[in-house]
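Inspection log for the structure reproduced underneath, given as structure tokens.
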Amino acid sequence: MKKIVALLLVLAVNVVSVRADEGMWLVHLIGEKTYADMVKKGLKLSKEQLYSMNKSSIKDAIVIFGGGCTAELVSKEGLLFTNHHCGYDAIASSSSVEHNYLKDGFWAKSKKEEIPCPGLSVQFLVKIDDVTESVMARLKDIKPEEYTAKLPGILMEMSKKASEGTTYDVRISSFFKGNQFLQFTYELYKDIRLVGTPPESIGKFGGDTDNWEWPRHTGDFSIFRVYMSADGKASEYKADNIPYAPKHFLPVSIKGLNDGDYAMIYGYPGGTNRYETSYGVKLKVDIENPNLVNLRDARLKAMLAEMVKDPAVKIQLASSYAGIANYWKFFDGESKQLIKHNVIKQKEDQEKAFENWAKGKPEYDNLFANIKKTYDTWRPYAKGRVYLLEGILGSPLMSFASSLKNLDDALSNPNSKPEDITKMIAAVQTQQTKFIKGENVASDKNILATVLSMYYHDIDPAQQPTAFYNALKATGDLNKEETYQNYSKSVFDNTMFLANAKFERFITKPDTAMLHNDPAYKTAMAFVNNFNLNYSKYFKEFTANNFALNNKYQKGILEMKKGQEFYPDANFTMRVSYGNVKSYSPRDAVKYKEICTLKGIMEKYKPGDYEFDLPAKLVDLINDKDYGQYIDKKANDVVVCFITTNDITGGNSGSPVMNGKGELIGLAFDGNYEALSHKIAFDGELNRTICLDVRYLLFVVEKLGGAKNIIDELVLVKQ
Ligand code: ARG
């Protein structure tokens, strides 16, 4: 165990090849040189203050928020700041047409008014242990080609064992593509309440047009509170729970910032693949990204058409729409930047350098030839898989229908245990309730018609579910959209999944004949089975071989770069990144400032627009120049957002941006368009993190929300 800690330390220590602002460092393994560089850039804290196992440190103020965001504690009473887009689902779920918090915002003026958010949780990091040796011992007799099949089970089993007899959640994460393993212990808090949110015309100002772009004028924040039991333990929601008392919380600085200031971001970056091979980039750019984007585009159009017609549908679909749209634009931008920055060539050069280093090391012979072969074998089927996942199963009805396959299999298997079937039925019932709540039939009907048509026109006929399209052909011309519309209508009219009495009968006495005759199940299964029976074997082979080969590639890189600075790819574990507030030049002759202000909000303001409208009260406040203590003297305005050179990615959303003293200056919420290839290749010139200035947050809370109670809870640093 110790050995690996030492190895990671060495890797993190020497700054050689990477530019300073690249890197998502493991908080407990910041080496001396990296730390020295942080200090040089402006850090004023000791290593112990950054991370300590026993004493309170900044890590104690940072939590995983929900399933994929970060939040930070900002008061001694468990107050949390995160992004609006992270709280979005909880805000939408708390909303109705009468109490529309998405549209109008919400401010609790006392703790009694805070709104419980069932299903929402936060996780505190308790400790980190290196378990590489024990995992490796379990992998000893397993071939690398079997890792993808066996490793998740092994890690799950080990995590379960480690958490036995504790109240903690334990997860073991793989680093450097299966070359190292760390065990993370978390404490889960489930009583989270909504304290405040601006209207989405502020929290999502600029919508998808401005998403992933600088300059940006979005007030992307929402405020929650963690509660615990009266005796200080993690607890489910209970009316008499009390506010959580944190080990550490962040003071909030309203001193303002300058170009070049130190900026440090803690959080949970979800995933990067900085050692992706040129072959992987090619597959992404040629097939995966463009097809995903086209299919999402079609689904989004069908959803938006209904959302603009009816405020209730807008609330119902808002969160799902935002999630689909966010990565629709991301993957489109990612491809454009991968091509523009010639990342394939960059990767090929790295691969050549590796081959030179590996000469005379038989272990690495033919590594890239084998990777190429693996991709070549899979490539002809890759588009079909995207069309299944992002197309057919992009219809919520199809996705729900396909989730009944497990129950179908269990019912058809004479050896199934009755208690397992009972459990599955209960799960299906819960799923259906959730599905019905989120289901908008009008848009889904159009989605299904569109994706069935796209699949027919775009996928190699040899790879299509022939029987399905032959049967459809009998009902009409497959080149006419009307054929798909009619078919989709009949599926929605006749499926039991949307008819509660019929579904109830099925659930009370599940029978496979009823399932097999359901038109939604039949349709979904035509495509799922087509993939499972004919192509999933290629996909499994591809992922297994690719993982084994990349595991070897990473092992070689670790060896090749021994003694150099090295951070592992992001994998939704706590990281710290550091850099500076910094302007940039996106293209020739253009310079972007490091801050933007209320003035820019008014420049973008379009009354009545879906993305650029504003609450009348904000317009008044801006016109009155009533900025109070939140004014930036230099700008003579309120700073809305700023940019930094930090290395972050999705999952970091909501992360605190701190100054050298660990005081909160902003909330990270996005990356810039010019560096959207950042998951695969970090660009030291162009990469910027887009942050909400905390002074704009406070301005909105106090002046627009009138929630002085929230301001009073904070520790404000004024000079
Ligand atoms: N791009 C942001 C992120 O991934 C999310 C922004 C949400 N806004 C939107 N218009 N979809 O963290």
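The residues of the chain are indexed from 1 along the displayed sequence. Both ligands and their constituent atoms are indexed starting at 1 by order of listing.
By the 3.5 Å distance cut-off applied to N or O atoms, Lys204 is not counted among the residues near ligand 1. At least one N or O atom of Asn326 sits closer than 3.5 Å to an N or O atom of ligand 1. In terms of polar-atom proximity, defined here as any N/O pair under 3.5 Å, Tyr327 makes no such contact with ligand 1.
Annotation: Trp212 is not in aromatic contact with Tyr673 [ring centroid separation under 6.0 Å not met].
Between Tyr186 and Tyr268, the angle of the ring planes lies from 30° to 60°, which puts this pair in the tilted group. Ring geometry for His28 against Tyr51 counts as tilted: the plane angle lies between 30° and 60°, on a 0 to 90° scale.
Close contacts between ligand 1 and Trp212 involve ligand atoms 1 (N), 3 (C), 4 (O) [criterion: under 4.0 Å to a heavy atom]. Under a 4.0 Å criterion applied to the non-hydrogen atoms of Phe669, ligand 1 contributes the atoms 2 (C), 3 (C), 12 (O).
Under the 2.5 Å SG-SG cutoff, Cys69 and Cys86 qualify as a close cysteine pair.
Ion pairing between a basic and an acidic side chain is recognised when a charged N comes within 4.0 Å of a carboxylate O; Arg575 and Asp647 show no such pairing. The pair Glu114-Arg225 meets the salt-bridge criterion, with a side-chain N (NZ, NE, NH1 or NH2) lying under 4.0 Å from an Asp/Glu carboxylate O. Between Lys103 and Glu200 there is no salt bridge, since no side-chain N of the basic residue sits under 4.0 Å from a carboxylate O of the acidic one.
Protein heavy atom nearest atom 2 (C) of ligand 1, with residue, atom name and distance: Asp670 OD1, 3.4 Å. Nearest protein heavy-atom contact of atom 6 (C) of ligand 1 is Asn211 OD1, 3.2 Å.
Among Thr649, Asp208, Asn652, Asp220, the residue whose heavy atom sits closest to atom 11 (N) of ligand 1 is Asp208. Remark: among candidates Ser653, Cys69, Ser655, the nearest residue to atom 12 (O) of ligand 1 is Ser653, based on non-hydrogen atoms.
Put simply, part of Gly207 is less than 4.0 Å from ligand 1, judged by heavy atoms.
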